[in-house]
Amino acid sequence: MAAFFLPFYTIFACYFSIHKMKHIIISGPPGSGKGTQAVKLAEHYGLVHISTGDVLRDAIMRKTTLGVIAQQRIDKGNFVPDDIALSIIQEFIDDEHPGSNGFIFDGFPRTLNQAYIFDDMLLQRGQQLSAFILLYVLNEITIDRMQKRALKLGRPDDAHIDIINHRIKIYHDVTEPIVGYYENKGLLVKINGEKTEEDVLSTIIEKLDKRLR
Ligand code: AP5
Ligand code: MG
């Protein structure tokens with residue numbers, strides 16, 4: 001009898017394990033605190049964190065073919081082509097992530113085209129997004145944060161005010177339109193990212209808990 005029900009139970013369990021996965025995007029201008037909050041949220045909710053920026057910086061450090069292409073773009077504050085960002089994400093979601101409750105995508109998607117294709121990727125896996133977190137922070141504050149970080153970490157894209165301003169402009173021109181796209185899907189969670197790291201985190205958790213319940 002047990003042998004008869006086992007296959008049904010397995011299908012049932014698989015179905016619900018896929019559907020309970022929580023996939024969250026964290027977005028916002030350069031220096032808004034995406035990486036800082038994504039690490040804490042990953043720990044809090046048992047998510048795996050992926051930052052396309054970190055993957056690209058790692059490739060640059062290792063001088064891979066991807067790294068060479070990425071460096072020419074990133075150091076000037078430009079985006080890498082969509083197909084590069086999408087292949088990083090494809091590889092990440094195709095990997096095994098045992099024990100994870102879902103993923104937190106930091107700095108991806110960054111264009112409407114990335115957002116559309118990402119939807120299809122998730123759909124093909126029978127999965128969907130749970131929330132799109134937008135950290136909003138005034139330009140003056142993000143600039144100050146990046147200039148302080150430049151002294152500590154030495155990221156080339158933080159090194160000159162012209163590059164910082166260029167990144168901010170690209171964010172507003174190219175990335176911001178995705179906010180409306182996710183708002184129309186009822187996924188937008190807007191967070192004031194100008195408060196302390198702890199306050200920002202507790203506000204996100206409070207809003208996400210209501211949504212994920
Ligand atoms: P990416 O690495 O994603 O850079 P970014 O979007 O410019 O954002 P940052 O990493 O600079 O800032 P953050 O929002 O993570 O803030 P953080 O937590 O570090 O991308 C880099 C580049 O890669 C892009 O420009 C592009 O070229 C390319 N790229 C990446 N993804 C791509 C994609 N999908 N498509 C195409 N190209 C892509 O915080 C900043 C600082 O502030 C830190 O020092 C932190 O300690 C501090 N801080 C954080 N929170 C607070 C707070 N609440 N109060 C005070 N200080 C704070
Ligand atoms: Mg970051």
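In listed order, ligands and their atoms are each counted from 1. Since we're looking at a predicted model, the values are computed, not measured.
With Arg155, Met146, Gln114, Lys34 as candidates, the residue nearest to atom 4 (O) of ligand 1 on a non-hydrogen basis is Arg155. Between Gln37, Arg145, Arg57, it is Arg145 that holds the heavy atom closest to atom 41 (C) of ligand 1. The residue from Asp54, Ile74, Val80 that puts a heavy atom closest to atom 36 (C) of ligand 1 is Val80.
Annotation for ligand 1: atoms under 4.0 Å from non-hydrogen atoms of Gly107 are 31 (N), 32 (C), 33 (C), 34 (N). Counting atoms of ligand 1 from 1 in the listed order, those under 4.0 Å from a heavy atom of Asn78 are 26 (C), 27 (O). Remark: ligand 1 atoms within the under-4.0 Å shell around heavy atoms of Leu56 are 23 (O), 28 (C), 29 (N), 30 (C). Of all atoms in ligand 1, listed by their number and element, those nearer than 4.0 Å to a heavy atom of Phe108 are 34 (N). Close contacts between ligand 1 and Thr196 involve ligand atoms 53 (N) [criterion: under 4.0 Å to a heavy atom]. Within ligand 1, counting atoms from 1 as listed, the ones closer than 4.0 Å to a heavy atom of Arg167 are 5 (P), 7 (O), 11 (O).
Given atom 15 (O) of ligand 1, the protein heavy atom at minimum distance is Gly35 N, 2.9 Å. Nearest to atom 12 (O) of ligand 1 among the protein's heavy atoms is Gly31 N, 2.9 Å. From the protein, the heavy atom lying nearest to atom 46 (O) of ligand 1 is Glu197 OE2, 4.0 Å. In terms of protein heavy-atom proximity, atom 20 (O) of ligand 1 is nearest to Arg110 NH2, 3.4 Å. The shortest contact between atom 17 (P) of ligand 1 and any protein heavy atom is with Thr36 OG1, 3.6 Å. When only non-hydrogen protein atoms are considered, atom 40 (C) of ligand 1 lies nearest to Arg149 NH1, 3.7 Å.
In terms of N/O distances under 3.5 Å, ligand 1 is not approached by Lys152.
A donor-acceptor pair is defined here as one N or O able to donate and one able to accept, closer than 3.5 Å; such a pair exists between the side chain of Lys34 and the backbone of Pro29.
Counted by atom type alone, His49 and Asp54 present zero donor-acceptor pairs between their side chains at under 3.5 Å. In summary, the side chains of Gln127 and His23 do present a donor paired with an acceptor at a separation below 3.5 Å, with no hydrogens or angles considered.
Using a 30° and 60° split on the angle between ring planes, Phe108 and Phe105 fall in the tilted class, from 30° to 60°.
For the pair Lys190 and Glu183, the salt-bridge criterion is not met [side-chain N within less than 4.0 Å of a carboxylate O]. A salt bridge links Asp158 and Arg149; the closest N-O separation between the charged side-chain nitrogens and carboxylate oxygens is under 4.0 Å. Between Asp119 and Lys185 there is a salt bridge, with a side-chain nitrogen of the basic residue lying less than 4.0 Å from a carboxylate oxygen of the acidic one.
Distances shorter than 4.0 angstrom do not occur between any heavy atom of Gly28 and any atom of ligand 1.
Taking the six-membered ring for Trp, His97 and Phe92 have ring centres closer than 6.0 Å.
Of the heavy atoms in Pro29, only backbone atoms (N, CA, C, O) come closer than 4.0 Å to ligand 1.
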